[in-house]
Undergrad: 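Here it is, the structure, as structure tokens.
Throughout, a chain's letter reflects where its sequence line sits, starting with A, and its residues are numbered from 1. As the structure is a prediction and not an experimental result, all values here were calculated from the model.
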Number of protein chains: 2
Amino acid sequence: MPRTHKTTNSTRHRILTEAALLFRRHGYRGTSTRQIAEAVGIKQPSLFHHFANKQAILEELMAISLEESLAGAQRAAIAEGSAAQRLYDYVLWDLTTLHRLPFALSGIYAHDVLEDPALATWSAKLEALYAALRSLIEQGIRSGEFRPVNPDLAQAMVAGVTFSHIDYSAEHAGGDPVELGSEGAVFILSGLMRDPASLERLVAAARL
Amino acid sequence: MPRTHKTTNSTRHRILTEAALLFRRHGYRGTSTRQIAEAVGIKQPSLFHHFANKQAILEELMAISLEESLAGAQRAAIAEGSAAQRLYDYVLWDLTTLHRLPFALSGIYAHDVLEDPALATWSAKLEALYAALRSLIEQGIRSGEFRPVNPDLAQAMVAGVTFSHIDYSAEHAGGDPVELGSEGAVFILSGLMRDPASLERLVAAARL
DNA sequence: GTCTATAGTATGATAGAC
DNA sequence: GTCTATCATACTATAGAC
């Protein structure tokens, strides 16, 4: 989501950046509000002027990373045309976007934090994203484009590859987002398609 | 690792089982020793008669899940023959083993817990496993069996698929371990091979 | 091997001055 | 908008009786 920060280097923005970095390294629960404040260069209670509580920081990071992906997956799931092409286009766009984000989002989607009832909204959005992916995979199986895989497992593997890109991106700065995203999309589609040779056509017809 | 428990339903064993379940649901840091004790049916301080501290429980679970995988990957990386065949055999065996484990291992391999310097030994073992996988992938690229992918990213994606199987296994009981493992191995190899059509030969020649 | 009681520490969040 | 001071709570782990 294109945020509407008045100044991109506001304290609020710096809190988000530093918190994302720390959440990745030490996890949400393993990161204290004191650590975040220190990284930003303010004292711990000053955080609560910008965010109601620690969880609000996490929720804003989830919004940044999840809402666009969910909308894109749902659009792809109901669009017209080849399921393989729609999945390819979606994955390529999603991974490319992830590699472009200025935040280190790994560690935000751990089970333990999403299981918290207070984050049920976000857990539901992630589940909706998974449902859209599953639908896309099932469409591809019915049309004969994909092998007759277990749709639940296939969806989990697609998500697993996505998370691996989030991790990779956090550890290796400076790669070309489109190139990395493309490698992920090709990997996933090759893993699912009955005839991976025809993948070249998808790549050529892709629209970002 | 085949554990040497005198009785498989010893309190010690029950602590491991319940802790694994709770670590998966709430994460290592999100799980208190009180919760573990309550699940087992004893009081919190009684845990410390069986394990020196909370971390020792985690380390035993890591030993169970990681040591065999590491040894298998290192064997595969230096063995003779086709890199694709060795990767296929390893992934199939590893995933099948994972799906057979009586423990819910998800949530154990989160970054935040492995970053703790006290767990450096286990972090190093995981890194060694990744190095073996990377070597196997590089061998396949050199031999022309695999597409010229980014080895670091490819290794991350293979690990991502493995983690997705750990998660899937924790949420869907009762699937056939070999069938699930096979779907994972085919997915990964299809994603890497230059000529996925020849995958049938690997599947036929596989030795578990 | 399990219990009660408790020490020692870290955490998230609030109150109120400036 | 940031600070100091502090509260209330939760946690891991230990001591010592039974």
Undergrad: Nearest whole Å is fine: how far is D:dA10 P from B:Gln35 CD?
TA: 12 Å
Undergrad: From CD1 of B:Ile36 over to C1' of D:dC11, roughly how many Å is that when rounded to an integer?
TA: 12 Å
Undergrad: Within a reach of under 6.0 Å around CD of A:Glu179, are more than 12 heavy atoms found that belong to other residues, nucleotides or ligands?
TA: no
Undergrad: Students often get this wrong, so: under 4.0 angstrom with heavy atoms, is B:Ser46 touching a base, only sugar-phosphate, or nothing?
TA: base
Undergrad: Side chain of A:Lys54: nearest nucleotide among D:dA13, C:dT2, C:dG12?
TA: C:dG12
Undergrad: Name the closest nucleotide to the B:His50 side chain, picking from C:dC3, C:dT11, C:dT2.
TA: C:dT2
Undergrad: Output yes when at least one side-chain N/O atom of A:Lys43 is less than 4.0 Å from OP1 or OP2 of D:dT2, else no.
TA: no
Undergrad: C:dT2, OP1 or OP2 - any side-chain N/O from B:Thr11 closer than 4.0 Å?
TA: yes
Undergrad: Without decimals, in angstroms, what is the distance between A:Ile57 CD1 and C:dA13 C1'?
TA: 12 Å
Undergrad: Regarding B:Arg24 and A:Glu115, does a basic nitrogen lie under 4.0 Å from an acidic carboxylate oxygen?
TA: no
Undergrad: For B:Arg29 and B:Asp112, what are the C-alpha separation, side-chain angles and deciding distance, and is it a salt bridge (charged side-chain N to carboxylate O under 4.0 Å, His left out)?
TA: CA-CA 9 Å; B:Arg29 290 193 153 97; B:Asp112 58 297; 3.5 Å; yes
Undergrad: How close or far is atom P of D:dA5 from atom CD of A:Gln44, stated in whole angstroms?
TA: 14 Å
Undergrad: Starting at the 5' end of DNA chain D and moving along, which residue's nearest nucleotide shows up first, A:Ile42 or A:Arg34?
TA: A:Ile42
Undergrad: Atom CG of A:Leu47 to atom C1' of C:dA13: distance rounded to whole Å?
TA: 11 Å
Undergrad: Identify which nucleotide among D:dT12, C:dG12, C:dT2 has an atom closest to any side-chain atom of A:Ser32, counting heavy atoms from C-beta outward.
TA: C:dG12
Undergrad: I'd like to know if B:Glu183 and A:Arg147 make a salt bridge, using a cut-off of under 4.0 Å between side-chain N and carboxylate O.
TA: no
Undergrad: Could you state the CD-C1' distance from B:Gln55 to D:dC11, rounded to the nearest angstrom?
TA: 16 Å
Undergrad: Calculate the interatomic distance between A:Asn53 atom CG and C:dT14 atom C1'; express it in whole Å.
TA: 13 Å
Undergrad: Quick one: pull up CZ in A:Arg134 and CG in A:Leu129 and give me the separation to the nearest 0.5 Å.
TA: 10.5 Å
Undergrad: Which whole-number value in Å describes the distance from B:Phe48 CZ to D:dA15 P?
TA: 13 Å
Undergrad: For the side chain of B:His49, starting at C-beta, report the closest nucleotide among D:dT2, C:dT11, C:dG1.
TA: C:dG1
